[in-house]
Amino acid sequence: MRFYPAHASCASLTRTSDTQATKLWHRDQNNSITCAGLPPGVFILKGPVVMSRYAATKIEEKWQKAWDEAGIFEAKRTPGKEKYYVLEMFPYPSGKLHMGHVRNYTMGDVVARYKMSTGHNVLHPMGWDAFGMPAENAAMASGGHPKDWTYANIAAMKEQMKPLGLSLDWSREFATCDEDYYGQQQALFLDFLDKGLVYRKNAVVNWDPVDMTVLANEQVEAGRGWRSGALVERRELTQWFFKISDYSEDLLSALEGLHDWPAKVRLMQENWIGKSRGLQFGFERCDGGAPIDVYTTRPDTLMGASFVGISPDHPIAKELETNSTEVAAFVAECRKGGTTEEAIETAEKLGYDTGIRVKHPLNPDWELPVWIANFILMDYGTGAIFACPAHDQRDLDFCRKYDLPVKNAFYALDDAVPVANEALVPAKSEKVRWVDHFAGLTEATGEEAINTTVDFAEKAGWGEGVTKYRLRDWGLSRQRYWGCPIPVVHCEDCGVVPEKKENLPIALPYDEDGKPIDFSVPGNPLDRHPSWRNCACPACGKPAQRETDTMDTFVDSSWYFSRFTAPHAKTPTILPEAEYWMNVDQYIGGVEHAILHLLYARFFSRAMKICGHLPDGCEEPFDALFTQGMVTHAIYQSTDDTGRPVYHYPEEIELRDGKAFLKDSGAEVKTIPSAKMSKSKNNVVNPLSIISSYGADTARWFVLSDSPPERDVEWTASGAEAAYKHLNRVWNLCDKIGQMEPGATGQGDEELLREMHKTIRDVTLGVESFGFNASIARLYGFTNTLAKSKAGQAAQKQAIMTLAQLMSPMVPHLAEDIWAHQGGTGLITTAPWPVADEAMLVEDSVTLPIQINGKRRGEITVAADLDKAEVEKIALAHEAVQKALNGGAPKKVIVVPGRIVNVVA
RNA sequence: GCGGGCGUGAUGGAAUGGUAGACAUACCAGACUUAAAAUCUGUUGGGCCUUGUGCCCGUGUGGGUUCGAGUCCCACCGCCCGCACCA
């Protein structure tokens, strides 16, 4: 009979007086016996009972316990030993671990375990990004308290993470909503305030006029509040800001040094910071009022100017608003709609002619009207522009709508057709023909024209070349409860007064007058909490009131990586600890954080250094960054009677011939491939159910295989099954080798070991370069080689142990078990990483493809060190080459040593 | 609207400018089995004939650079992501 191999010998199973019965049962993936219609107990076991199948769940528990007991993941600072700090972006405690987390943490774990086996002190911590709106939303929706909700979720998620067998140092765990953590964050805020890095100013927010509350962008759906359905308005509030814009140039130029960041992320940050060189100048008002300052990046198009536009939030607009109901109505109209750049840019263009006229700087007789326009942002430049409709689509749309003149400032070289409804916007590096350019240009690129114009304006004295950045100061105020309170007090006499450090933490109140806070009431609970809000002024001692704004949760995540180096310290950080562990050597997270989180963290590190909380050299806290892709899953969708889509869970689906059917009804359903896992689409796969049926190693192996780490990976049942089968195969191989006679000889020892060393080289390279899928493909290959090998026992044992080591960062439990089974010393997790023997990597001969005119026509095998001339001679003698040349001489022969020979006939 | 990215077999994907499709899935065939499952072995981009160590076509579309292009350049088409209060 066939049976899963055993460690020492194969147990055979027979039913009394019926040998046929042995065929009636099989083992399922949980190693339990299933048989057709026969109760358990009618079997007897013959032979030694050493059941040693790959029993994932069992061995995973066992090795996790062993690692815990050995305490090998606790980061220790031992001087002289090199450290390695690997960090995955910490999770928001939603309460449910999803496959994206599994992939993210598995990648970090591979790096951490690999670095551990290459002799580093590894810091691999975990914590919780625990403040934020979902907790408050949950409290509003179903009662309860955000604090309780959050801590319960943390406990639940930790339980779900533990079975993954991650090499985390749990002794450093914290949540950002711990008073201990946010108290230190308040201390940082006070230090920043002291250094002038924080200030207050007015800023625009989304305002829900029915719920009387500030809305997040995501709470605005099609211009309406998600809960009330009211049309959202833009409203100004006095808010706190970090002076990140002071660091625009530094944050921009330092990007160049971040060699181990994805180019894409650097580019996104560069565009975000948005450095531009332009001209700032004033339009003189015909009514003698103060000139209107504009900033433009295209001063060269000044001769195409059509009107001057100001933002609805511009001081002139505000002044007019107070005097004219018409202007007030128009400005109010502009303020409808969201605050996102997208909403503003895509909204219908609206304009209002103020009646103010200004003089063109180059021609005092040329008057331009001043319009208020809804697409002009107050935060960028001076909040006022001149519009050149011929060369800007927004301006053009506006001018066509309000019947304003459109005049080309330049034409394409080969075409002098005036702009109609599509603006002419060539690349700045493209040469164009200028119309009446004041500085005398005829044919020049936009770039040249801009520079010439700026010089011209500076010399003439009516304008100034100015460098501006798109990056705005970071508004950190949130009018919400579940965040870190801003530790300042408002005093009638002293104004805004920082809280004293010894009074920190300013803790969030849990109750309100002995009753739990009611989150169903609109507005910020801190505003209507007198016993918390009323306090003594830290300066004069008179009755005063606390700031009720809390901090943006991006603040929490802007320094947690520093805090991990001394998570329980009574100061934000401890310098010697930070000195040893910082920087983060490898940071891993989603690309969705490419801009804000990473930019804010870079700013915070600079600010913390200024305040003495970080040593020199930590301004850029992340040496290497990796952005991993998502885990996706097909969506199974059918349609109900009313035509609305119905989404089905993967477990309700049966796949046949590449089509999907409902298990219940057998009806075929539509398959939408590769969609981001989302609860509303029912296409989520629960890691826990995967772990309970296949084990964590299978889940880990799967999320790393198939797709490159930076790209999305599609979860498929067949893929998970395949991963599980492969791990079984490796385990069976280990078992088979374990049963070989010690010292038994065979054939092909050298070939096997050569292949092993090549595998060491390739897998190591893959792990070091985040090519985990490539490493895994290589490991599949080597497993196939080993399975077919007829080599002797010693070579095979060496091969399987090396295979286990190479697999250990990805599937550590299985690797430990193989290691132990083969008699390895200690834990595989702490064993040194195998090193490829260079001598074993050198090939004696090499097979070169022969191309004729770039097409493969044959191949030759030559000594690896044969010189080019000899290779050429052999290639030319090749039958196919002779045939192609037909007696003539080749026009050219290209020999790329070790790669290819190309003959041009 | 602005910015960024991605397009390769039935599928996920591999390929320092040098043999396109590694590795895996799926499918098909074979071995084992009364049978199925599991396991093992093998085939599989398309087309053509003269069935060969054969020829032609083939990496979204159209051009270009090169001895040689999936890879570099230009234009187009399609899809995805981000846009400052989601984290």
Side-chain angles (χ1 to χ4, degrees), chain A residues 1-4 20 23 26-29 34 36 89-92 94 129 131-134 205-206 214-220 264-265 267-268 271-272 274 339-347 375 379 393-394 397 470-472 474-480 552-554 556-557 590-597 599-600 630 655 657-658 673-674 676 705-708 711-714 716 718-719 721-723 725-726 728-729 732 773-774 776-781 784 787 847-859 879-880 891-894 896 898-904:
Chain A
M1 64 160 289
R2 294 193 79 97
F3 184 45
Y4 298 97
Q20 290 299 301
K23 290 157 195 158
H26 77 279
R27 285 185 172 273
D28 70 9
Q29 59 214 12
T34 312
M89 290 178 185
F90 65 166
Y92 180 78
S94 62
D129 192 9
F131 275 134
M133 291 202 313
V205 295
N206 294 310
V214 175
L215 295 180
N217 282 332
E218 70 154 13
Q219 295 175 316
V220 180
K264 178 170 97 179
V265 174
L267 187 64
M268 283 168 89
N271 290 335
W272 189 257
T339 57
T340 67
E341 197 165 303
E342 184 194 8
I344 291 163
E345 294 272 324
T346 52
F375 63 90
D379 289 318
Q393 192 61 47
R394 289 175 305 181
D397 293 344
R470 200 182 78 105
L471 181 64
R472 310 203 292 251
W474 170 12
L476 71 116
S477 286
R478 298 291 180 269
Q479 294 71 39
R480 301 185 198 290
D552 177 9
T553 56
F554 272 121
D556 311 334
S557 56
V591 72
E592 65 271 22
H593 294 292
I595 299 174
L596 292 184
H597 163 57
L599 192 67
Y600 291 161
M630 294 181 303
L655 295 172
D657 306 327
S674 288
K676 180 178 182 173
S705 60
D706 277 7
S707 279
R711 248 193 266 179
D712 294 350
V713 64
E714 171 148 18
T716 58
S718 58
E721 181 83 17
K725 279 185 196 172
H726 180 73
N728 266 292
R729 220 171 138 229
N732 293 344
N773 59 321
I776 285 183
R778 196 68 181 79
L779 288 165
Y780 270 110
N784 291 339
T847 301
L848 300 178
I850 307 291
Q851 288 186 342
I852 296 164
N853 297 331
K855 288 197 167 146
R856 187 181 178 278
R857 286 291 182 263
E859 61 183 35
E879 195 188 342
K891 284 199 190 114
K892 195 172 178 183
V893 180
I894 295 112
V896 184
R899 302 299 309 215
I900 205 166
V901 181
N902 190 13
V903 179
V904 185

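Chain letters run A, B, ... following the sequence lines, proteins first and then strands; every chain starts at 1. Computed from a prediction, not measured in an experiment: that's the story for all the values here.
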Looking at every strand, decide which applies to A:F375 at a 4.0 Å heavy-atom threshold: base, sugar-phosphate, or nothing. nothing

Quiz item: A:R480 side-chain donor-acceptor pair to B:C85 base, under 3.5 Å: yes

What distance, rounded to whole Å, do you find between the two C1' atoms, one in B:G1 and one in B:G13? 35 Å

List for me each residue that meets ring-ring contact (aromatic ring centres under 6.0 Å, His included) alongside A:F90, sequence neighbours excluded, and say none if there are none. A:Y560

Looking only at heavy atoms, the pair that brings A:S557 and A:D129 closest together is CB-OD2, 4.2 Å

Between atom CZ in A:R857 and atom P in B:G52, what is the gap in whole Å? 19 Å

Looking at every strand, decide which applies to A:D397 at a 4.0 Å heavy-atom threshold: base, sugar-phosphate, or nothing. nothing

A:P708 has its side chain closest, among B:C85, B:C86, B:G13, to B:G13

Among B:C85, B:G18, B:C23, the one nearest A:Y780 by side-chain distance: B:C23

With sequence neighbours left out, the residues meeting side chain to side chain donor-acceptor pair (under 3.5 Å) with A:W272 are none

Pairs: protein N or O with nucleotides 3-5 of chain B N or O, under 3.5 Å:
from : atom 1 : to     : atom 2 : distance (Å)
B:G3 : O2'    : A:N271 : ND2    : 3.0

Mind checking if A:H593 touches a base, just sugar-phosphate, or nothing, with heavy atoms under 4.0 Å? base

Looking at B:C85, B:A24, B:A84, which one has an atom nearest to any side-chain atom of A:N784? B:A24

Partners passing ring-ring contact (aromatic ring centres under 6.0 Å, His included) against A:H593 (at least two apart in sequence or in another chain): A:H597

For a quick check of understanding: with a heavy-atom distance under 4.0 Å over all strands, which category does A:W272 fall into, base, sugar-phosphate or nothing? base

Under 4.0 Å, heavy atoms only, any strand: does A:R729 hit a base, just the sugar-phosphate, or nothing? sugar-phosphate

What's the spacing between A:L599 CG and A:M268 CE if we round to 0.5 Å? 11.5 Å

Between B:G18, B:A87, B:A24, which nucleotide has the shortest distance from any of its atoms to the side chain of A:T553? B:A87

So what does A:G719 hit on the nucleic acid, given a heavy-atom distance under 4.0 Å: a base, only sugar-phosphate, or nothing? nothing

Checking understanding here: a glycosidic angle within 90° of 0 is syn, the rest anti, so what is B:G9? syn

What is the nucleic acid contact for A:S707, judged by heavy atoms within less than 4.0 Å: base, sugar-phosphate only, or nothing? sugar-phosphate

Checking all strands, does A:K891 fall into the base, sugar-phosphate, or nothing category for heavy-atom contacts under 4.0 angstrom? nothing

Taking the same atom, P, in B:A36 and in B:G60, what whole-Å distance lies between them? 42 Å

Partner residues of A:R394 under the salt bridge (Lys or Arg N to Asp or Glu O under 4.0 Å) criterion, sequence neighbours left out: A:E345, A:D392

Counting side-chain heavy atoms from CB outward, which of B:G13, B:C85, B:A84 is closest to A:Q479? B:C85

For nucleotides B:C23 and B:U41, find the distance between their P atoms and express it as a whole number of Å. 13 Å

Expressed in angstrom and rounded to an integer, what is the separation of A:K855 atom NZ from B:C55 atom C1'? 10 Å

Report the nucleotide, chosen from B:G13, B:C67, B:G82, that has the shortest atom-to-atom distance to any side-chain atom of A:N902. B:C67

Just call it for A:S477: base, sugar-phosphate, or nothing, with non-hydrogen atoms closer than 4.0 Å on any strand. base

Return the value, rounded to whole Å, for the distance between atom CZ of A:R899 and atom P of B:A69. 16 Å

B:C67 base / A:Q851 side chain donor-acceptor hit below 3.5 Å: no

Under 4.0 Å, heavy atoms only, any strand: does A:R470 hit a base, just the sugar-phosphate, or nothing? base

Over all strands shown, is A:V904 touching base, sugar-phosphate only, or nothing at heavy-atom distances under 4.0 angstrom? sugar-phosphate

Could you give the distance separating B:A87 and B:A69 at their C1' atoms, to the nearest angstrom? 42 Å

List in chain and number order the residues that pass salt bridge (Lys or Arg N to Asp or Glu O under 4.0 Å) with A:R856, two or more places apart in sequence or in another chain; answer none if no residue qualifies. A:E859

Beyond-backbone contact of A:W474 with A:D552, side-chain heavy atoms, under 4.5 angstrom: yes

A:R778: salt bridge (Lys or Arg N to Asp or Glu O under 4.0 Å) partners, not counting sequence neighbours: A:E755, A:D762

Please report the distance separating the C1' of B:U71 from the corresponding atom of B:G21, rounded so that it comes out in whole Å. 15 Å

Winner on side-chain proximity to A:R472, out of B:U19, B:C23, B:A84, is B:A84

Inter-nucleotide C1' distance (B:G45, B:C27), Å rounded: 14 Å

Distance in angstrom units between A:N853 CG and B:C55 P, rounded: 13 Å

Comparing A:L848 with A:G781, nearest RNA chain B nucleotide closer to 5' gives the residue A:L848

Could you summarise the pairing of RNA chain B as dot-bracket text, marking Watson-Crick and G-U pairs under 3.5 Å with ( ) or [ ] inside the strand and | across strands? (((((((..(((.....[....)))(.((((.......)))).)(((((..).))))..(((((..]....))))))))))))....

Quick one: does A:I894's side chain get under 4.5 Å of A:V901's, heavy atoms only? no

Considering residues at least two apart in sequence or located in another chain, which fulfil the salt bridge (Lys or Arg N to Asp or Glu O under 4.0 Å) criterion with A:D556? none

Testing B:C67, B:A24, B:A87 for proximity to the side chain of A:Y92, the answer is B:A87

OP1 or OP2 of B:C86 sitting under 4.0 Å from any side-chain N/O of A:R478? no

Expressed in whole Å, how much space separates the P atoms belonging to B:G82 and B:G9? 26 Å

Rounded to the nearest 0.5 angstrom, the CG-NE2 distance for A:N784 and A:H726 is 7.5 Å

How far, in whole Å, is B:A14 from B:U8 if one measures between their C1' atoms? 10 Å

Of the listed nucleotides (B:C83, B:U19, B:C23), which one gets closest to any side-chain atom of A:R856? B:U19

A:G854 or A:T847: which one's nearest nucleotide on RNA chain B is closer to the 5' end? A:T847

